[in-house]
Number of protein chains: 2
Amino acid sequence: MSSTYGDQMTTIKDVAKVANVSTATVSRVLNNSDKVRSATRERVNTVIQELNFIPNAAAVGLQRKKTKTVGLIFPDASAYCFAEIIQGINRHLSQNDHQILISSAHDEAEEIKIINGFVRGGRIDGLIMMMPSANGNNGFRIPLAYKIPEVFISCEINAPRSTTILLDNYNAATEMMEHLSKLGHKRIAFIHGGEHNYDAHERYRGYMDGMKAYPTDGELNLVVMGNFTESSGFQATLELMKRNPRPTAIFAANDAMAIGAIEAARALKLRVPADLAIVGFDDISSAAYMDPALTTVHVPLRRLGHLAAEAMLKNLKTNPADRTTEKIIIPLQHIIRRSCGSE
Amino acid sequence: MSSTYGDQMTTIKDVAKVANVSTATVSRVLNNSDKVRSATRERVNTVIQELNFIPNAAAVGLQRKKTKTVGLIFPDASAYCFAEIIQGINRHLSQNDHQILISSAHDEAEEIKIINGFVRGGRIDGLIMMMPSANGNNGFRIPLAYKIPEVFISCEINAPRSTTILLDNYNAATEMMEHLSKLGHKRIAFIHGGEHNYDAHERYRGYMDGMKAYPTDGELNLVVMGNFTESSGFQATLELMKRNPRPTAIFAANDAMAIGAIEAARALKLRVPADLAIVGFDDISSAAYMDPALTTVHVPLRRLGHLAAEAMLKNLKTNPADRTTEKIIIPLQHIIRRSCGSE
DNA sequence: TCAGAATATGTAAGCGGTTACATTCGAATA
DNA sequence: TATTCGAATGTAACCGCTTACATATTCTGA
């Protein structure tokens with residue numbers, strides 16, 4: 001069986017030979033370090049161009065102990081927003097000459113296995129984790145002694161010297177509650193996205209505190225559990241509408257569930273927003289095209305990805321001992337459309 | 001600055017020393033090849049466990065000229081379905097001990113640059129490309145002399161010995177046309193997704209042939225260009241509804257545009273499906289929760305990813321000379337809901 | 001019991017780069 | 001022109017692993 005590289009991999013030796021210099025010199029011009037006479041540099045560069053030479057990543061990695069690769073772990077479930085985050089990450093990383101090694105995991109055990117393989121196998125220089133269900137509160141513990149830069153997205157691991165990027169779910173949620181309250185709602189229900197999901201939990205907290213802060217019809221329990229899917233939002237709404245008296249507004253922890261909620265309202269012949277106000281979270285692209293258009297909170301996913309990449313690159317450049325623990329919170333803006341009845 | 005691996009990378013030498021054997025023997029048990037006495041094997045394995053040793057990927061790769069990594073290129077735009085495909089690919093690949101190096105590109109030049117880096121840098125063993133706009137007809141030509149396995153998703157490059165995975169867009173589209181025709185529609189419009197997009201183009205072809213095959217109100221030109229977004233579907237519909245006589249049905253090349261179309265109909269006070277039937281393509285998760293629920297064509301994205309990974313692994317195992325050119329076409333099923341007016 | 005075969009293990013040369021150190025070169029100075 | 005010294009380049013070891021080949025060990029059977 002022939003070589004993977006198609007039999008014609010060009011090596012630094014080939015370049016050296018053609019350019020009539022030693023491999024050391026070629027290496028020097030590659031890493032445009034040191035002093036190389038400009039005539040020599042030019043000659044070598046020409047040969048590099050001619051031979052279309054790109055240094056073998058394994059060889060460089062072995063020597064330098066750097067792979068220029070960042071690991072990216074994301075959950076197996078709920079694909080709905082990760083592509084955009086990935087693109088945000090990728091754009092910035094690839095502009096800075098770094099690659100992404102990606103993998104998804106469906107549970108903690110698999111996650112740890114993947115990370116272990118990446119790190120101990122020396123495949124990555126840093127790790128970005130999107131694990132909304134991996135929070136301190138549910139006992140998730142990644143063995144974090146790897147000493148490579150870590151960036152967490154939407155989870156509060158609180159690992160020392162790591163960067164955490166969070167959405168300001170809580171404040172966005174309380175603001176949404178304020179908005180609903182101002183519209184006169186006193187019985188606002190919440191469709192949760194999963195107890196162990198960070199974003200869902202924070203949105204829930206915001207909801208709860210909103211319920212405390214603003215006037216309600218007495219002691220209410222209007223929270224039902226969903227799982228971020230349209231169908232769970234649909235079911236949850238059916239369930240909620242059995243209550244007596246009924247909620248006058250529903251705050252769904254994401255847009256997909258809000259869409260399910262709208263559909264359920266329709267099935268129950270309830271007018272949205274007249275009989276029931278419904279708001280979501282995420283501002284997915286179709287939210288503006290619902291009937292009624294969905295009031296929601298905009299989440300800048302690309303930007304989130306960009307920030308993660310930025311943090312990673314920064315940490316990659318700084319000495320481990322000088323790395324700080326950072327928490328970046330992205331402020332969120334709500335988008336008022338028709339489904340909340342404010343127009 | 002300390003080593004990336006956190007100062008304590010365990011090497012095969014460490015294992016050898018502790019197990020009191022040579023590195024060759026450790027290597028043998030790692031690759032459970034050759035004959036190693038079972039007592040020795042056991043002892044070595046114990047040490048490997050104890051030290052949590054995982055061979056350095058760069059070292060292995062350098063020696064073996066195999067990285068156990070597959071490159072994955074996807075377009076920068078239109079993120080909407082890629083996450084699921086990626087998950088499909090990842091699941092199967094990681095179960096078979098392969099990693100994914102991912103990157104997105106926004107044009108051909110960038111694409112080629114990325115691929116070149118991946119391949120000549122020896123970073124990958126095979127390449128999966130999702131480039132719906134990279135078709136033979138628009139002059140896109142990747143330099144394909146890399147001799148590594150290539151799998152193309154939704155593009156017809158016709159590279160020899162490569163595998164191409166395609167959706168049966170054409171037949172699904174003609175069937176959709178048949179369905180609309182049977183419902184009595186004679187003026188069916190089409191919202192295109194982009195001339196250079198493979199899927200969009202095939203759906204368009206199916207539409208056109210359907211228009212020829214089934215009765216229409218004379219010579220019609222009811223095609224307008226969109227770009228797969230809700231807003232483009234909205235605009236396109238506004239445009240189409242200016243025609244006189246109006247189309248009685250709209251076939252959008254994807255669900256997002258169909259959603260935009262429904263919203264436009266609503267804005268124009270047209271009832272869907274009574275005044276205007278609307279159908280889409282993709283079966284995104286919210287399609288069933290529209291009002292009316294969207295008639296569409298289901299696209300099994302995870303399965304698509306799985307098939308791509310499967311093809312890749314197979315090709316990775318077969319001698320380049322024995323690799324065949326394959327084209328896998330995934331049959332598609334349409335989902336009849338309310339928006340076409342068939343109930 | 002021991003020669004010889006078969007099997008298990010060790011030795012060392014690379015894989016393709018980087019880099020410390022040695023060497024050579026060229027320009028400046030005396 | 002000879003000497004000196006810094007800059008440019010070359011030499012070779014090494015990164016962690018695999019593997020061809022050499023060597024050691026065990027197992028046969030006479």
Side-chain angles (χ1 to χ4, degrees), chain A residues 1-5 7-45 47-48 51-68 119-123 125, chain B residues 1-5 7-45 47-48 51-68 119-123 125:
Chain A
M1 185 142 158
S2 65
S3 144
T4 303
Y5 304 128
D7 304 23
Q8 16 69 307
M9 185 176 39
T10 338
T11 75
I12 201 174
K13 279 187 192 168
D14 302 325
V15 176
K17 199 171 299 170
V18 176
N20 201 30
V21 292
S22 72
T23 61
T25 299
V26 177
S27 180
R28 285 185 192 108
V29 349
L30 280 174
N31 304 291
N32 52 342
S33 65
D34 272 307
K35 272 91 229 288
V36 178
R37 209 184 336 160
S38 66
T40 313
R41 176 182 301 277
E42 221 167 289
R43 182 156 39 101
V44 171
N45 270 326
V47 176
I48 287 173
L51 302 188
N52 196 4
F53 169 70
I54 292 180
N56 181 279
V60 177
L62 179 56
Q63 173 67 238
R64 284 245 176 92
K65 291 175 183 348
K66 291 275 180 225
T67 58
K68 296 253 185 190
V119 176
R120 310 209 86 84
R123 288 182 177 272
D125 297 342
Chain B
M1 184 143 157
S2 66
S3 144
T4 303
Y5 305 127
D7 305 22
Q8 17 66 311
M9 184 176 41
T10 341
T11 74
I12 201 174
K13 277 188 191 166
D14 302 326
V15 177
K17 199 170 298 170
V18 177
N20 201 30
V21 291
S22 72
T23 62
T25 298
V26 177
S27 179
R28 285 185 191 107
V29 350
L30 280 173
N31 305 291
N32 52 342
S33 65
D34 275 305
K35 273 93 229 287
V36 179
R37 214 191 325 169
S38 66
T40 313
R41 176 182 302 276
E42 223 167 286
R43 180 156 38 101
V44 171
N45 271 325
V47 177
I48 287 173
L51 302 187
N52 195 6
F53 168 70
I54 291 180
N56 180 279
V60 177
L62 180 55
Q63 174 65 240
R64 283 245 175 92
K65 294 179 184 343
K66 292 275 178 226
T67 58
K68 295 253 184 192
V119 176
R120 309 210 85 86
R123 287 182 178 271
D125 296 342

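What you see is a predicted model; the values in this text were computed from it and never measured.
- Between the B:Thr67 side chain and the B:Arg123 main chain, a donor and an acceptor come within less than 3.5 Å of each other.
- The distance from atom CG of B:Asn52 to atom CZ of A:Arg120, rounded to the nearest 0.5 Å, is 4.5 Å.
- No side-chain donor-acceptor contact under 3.5 Å links B:Arg28 to the backbone of B:Val36.
- Among D:dC15, C:dG17, D:dT18, the nucleotide with an atom closest to any side-chain atom of B:Lys13 is D:dC15.
- The separation between A:Lys17 atom NZ and C:dG16 atom P is 12 Å, rounded to whole Å.
- Closest to the B:Thr23 side chain, of the nucleotides D:dT11, C:dG10, D:dT18, is D:dT18.
- In terms of position along DNA chain C, the nucleotide closest to B:Ser38 lies nearer the 5' end than the nucleotide closest to the other residue of the pair B:Ser38 and A:Ala24.
- Distances shown here put a side-chain N or O of A:Lys65 below 4.0 Å from the OP1 or OP2 atom of D:dG16.
- If you measure from atom CG of B:Asn20 to atom C1' of D:dA24, you get 15 Å, rounded to the nearest angstrom.
- If you take CG of A:Asp14 and P of C:dG16, they are 9 Å apart, rounded to a whole angstrom.
- For B:Val60, the side-chain atoms get nearest to D:dT18 when compared with the rest of D:dT18, D:dA8, D:dT11.
- Closest to the B:Gln63 side chain, of the nucleotides D:dG16, C:dG14, D:dA8, is C:dG14.
- Rounded to an integer number of Å, the gap from B:Leu51 CG to D:dG16 C1' is 15 Å.
- In this structure, CZ of A:Arg28 is placed 10 Å from P of C:dT19, rounded to the nearest angstrom.
- Atom C1' of nucleotide C:dG16 and atom CG of A:Leu30 are separated by 12 Å, given to the nearest angstrom.
- Axis orientation changes by 50° from one end of the helix from C:dT1-D:dA30 to C:dA30-D:dT1 to the other, with each end axis drawn from 5 pairs and the value rounded to 10°.
- Backbone-only contact: B:Val21 has heavy atoms under 4.0 Å from sugar-phosphate atoms and none from a base.
- A close approach under 4.0 Å does occur between a side-chain nitrogen or oxygen of A:Thr25 and OP1 or OP2 of D:dG10.
- The distance from atom CG of B:Asn56 to atom P of D:dC14 is 18 Å, rounded to the nearest whole Å.
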### Message
Walk me through whether B:Val47 and B:Phe53 qualify under side chain to side chain contact (heavy atoms under 4.5 Å, CB included).
### Response
CA-CA 8 Å; B:Val47 177; B:Phe53 168 70; over 6 Å; no

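- Residue B:Ile54 is the one, among B:Ile54 and B:Arg37, whose nearest nucleotide of DNA chain D lies closer to the 5' end (criterion: closest heavy atom).
- Checking C:dG17, D:dC17, C:dG10 against the side-chain heavy atoms of B:Thr11 singles out D:dC17 as nearest.
- Nearest nucleotide to the B:Arg64 side chain, out of C:dG16, D:dG10, D:dT18: D:dT18.
- Base engagement by B:Ser27 is indicated by at least one non-hydrogen atom pair under 4.0 Å involving a base atom.
- With rounding to the nearest 0.5 Å, the separation of CD1 in A:Ile12 from OG1 in A:Thr10 is 12.0 Å.
- Proximity of B:Val29 to B:Thr40: side-chain heavy atoms (C-beta onward) are nowhere separated by under 4.5 Å.
- To the nearest 0.5 Å, atom OG1 of residue B:Thr11 and atom NZ of residue B:Lys17 are 7.5 Å apart.
- Minimum heavy-atom separation, B:Ala16 to B:Thr23: CB-N, 3.8 Å.
- In the set D:dT18, D:dG10, D:dG16, D:dT18 carries the atom at the smallest distance from any side-chain atom of B:Asn31.
- Atom CE of B:Met9 and atom P of D:dC15 are 10 Å apart (whole Å).
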